[in-house]
Amino acid sequence: MVMGSNAGQRSSGLARLLALAVASAGLAGCAMSERGPDSNGFVQQVRSVLGDQAQRDVPVSQLVDARWEQLCMHRDGSLTLNLIELEQRHVLRVPFRQLTVNESTSPDSLDGQCLQRNEMVRLRRHGNDANAPIVFERAAVVEPAVTALAQQ
């Protein structure tokens, strides 16, 4: 009986060790950054860029500090933003009452998407109030061939 108990303790300890190894490996590939914007600062930057306009297409570089290469968005009860710089990631969680993205079923949704600094994003105020939530959407992309035809 004692031998079976030791085997159970070993397998339980092994399971904990395996869980720790998996968690460590996940963090090793993308270290969490201690520096970076806070949620309120990011919201204020987005509101400042949008100004008093109802909607505006802007490059991601206007929303994030120069060192960040990507802005990733995910809906999960709030808007989760991942700012990625090389192998560092800074995570911001913002309530939907401030910033949001459309559900993934919407054709212009950025849920689960990452944008590079040079890509465009549409900021759209969801309502008439200055404090209304701002929605991140996929900016309209005009194909060069379509633009050339329109100019003829």
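Side-chain contact between Val135 and Gln55 is absent, with no heavy-atom pair separated by less than 4.5 Å. Proximity of Gln113 to Arg138: side-chain heavy atoms (C-beta onward) are separated by under 4.5 Å at one or more points. Side chains of Leu81 and Val91 form no contact here, defined as non-hydrogen atoms less than 4.5 Å apart. Two residues are said to be in side-chain contact when any heavy atoms from C-beta on lie closer than 4.5 Å; Met73 and Leu79 meet this criterion. Within the 4.5 Å cutoff, the side chain of His74 has heavy atoms near those of the Asp111 side chain. The shortest distance between side-chain heavy atoms of Val46 and Phe136 falls below 4.5 Å. Contact annotation: the side chain of Val49 approaches that of Arg56 to within less than 4.5 Å [non-hydrogen atoms, C-beta and beyond].
The disulfide (SG to SG under 2.5 Å) contacts involving residues 38-103 comprise Cys72-Cys114, where partners must be two or more places apart or lie in separate chains. Every pair passing salt bridge (charged side-chain N to carboxylate O under 4.0 Å, His left out) that includes a residue from residues 112-130 is listed here, sequence neighbours excluded: Asp57-Arg122, Arg124-Glu137. Within the structure, side chain to side chain donor-acceptor pair (under 3.5 Å) pairs that include any residue of residues 39-50 do not occur (at least two apart or interchain). Here salt bridge (charged side-chain N to carboxylate O under 4.0 Å, His left out) pairs that include residues 95-110, with residues two or more places apart or in two chains, number zero.
Phe96 and Leu71 fall within the same hydrophobic cluster, where Ile, Leu, Val, Met, Phe, Trp and Tyr residues are linked whenever their side-chain heavy atoms come under 4.5 Å apart, directly or through other members.
The local environment of CG in Asp76 is crowded, with over 12 non-hydrogen atoms from other residues, nucleotides or ligands closer than 6.0 Å.
Closest non-hydrogen pair, Asp38 versus Leu92, comes out as C-CD2, 3.8 Å. Heavy-atom minimum distance, Ser104 versus Ser109: CA-OG, 3.5 Å.
Here Arg93 pairs with Thr80 under the side-chain hydrogen bond (donor to acceptor under 3.5 Å, both in side chains) rule; sequence neighbours left out.
Put simply, CG on Asn102 and NE2 on His126 are 8.5 Å apart, with the number rounded to the nearest 0.5 Å. Once rounded to the nearest 0.5 Å, the distance linking CD of Gln88 with CH2 of Trp68 reads 6.5 Å.
Looking only at distances, no side-chain donor or acceptor of Ser61 sits under 3.5 Å from a matching main-chain atom of Asn118. Side-chain N or O atoms of Arg75 include one that pairs as donor or acceptor with a backbone N or O of Val101 at under 3.5 Å.
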Exercise. Between Leu86 and Glu69, is a side chain to side chain contact (heavy atoms under 4.5 Å, CB included) present by the stated rule, with each step listed?
Worked result: CA-CA 7 Å; Leu86 297 176; Glu69 297 169 357; 3.3 Å; yes

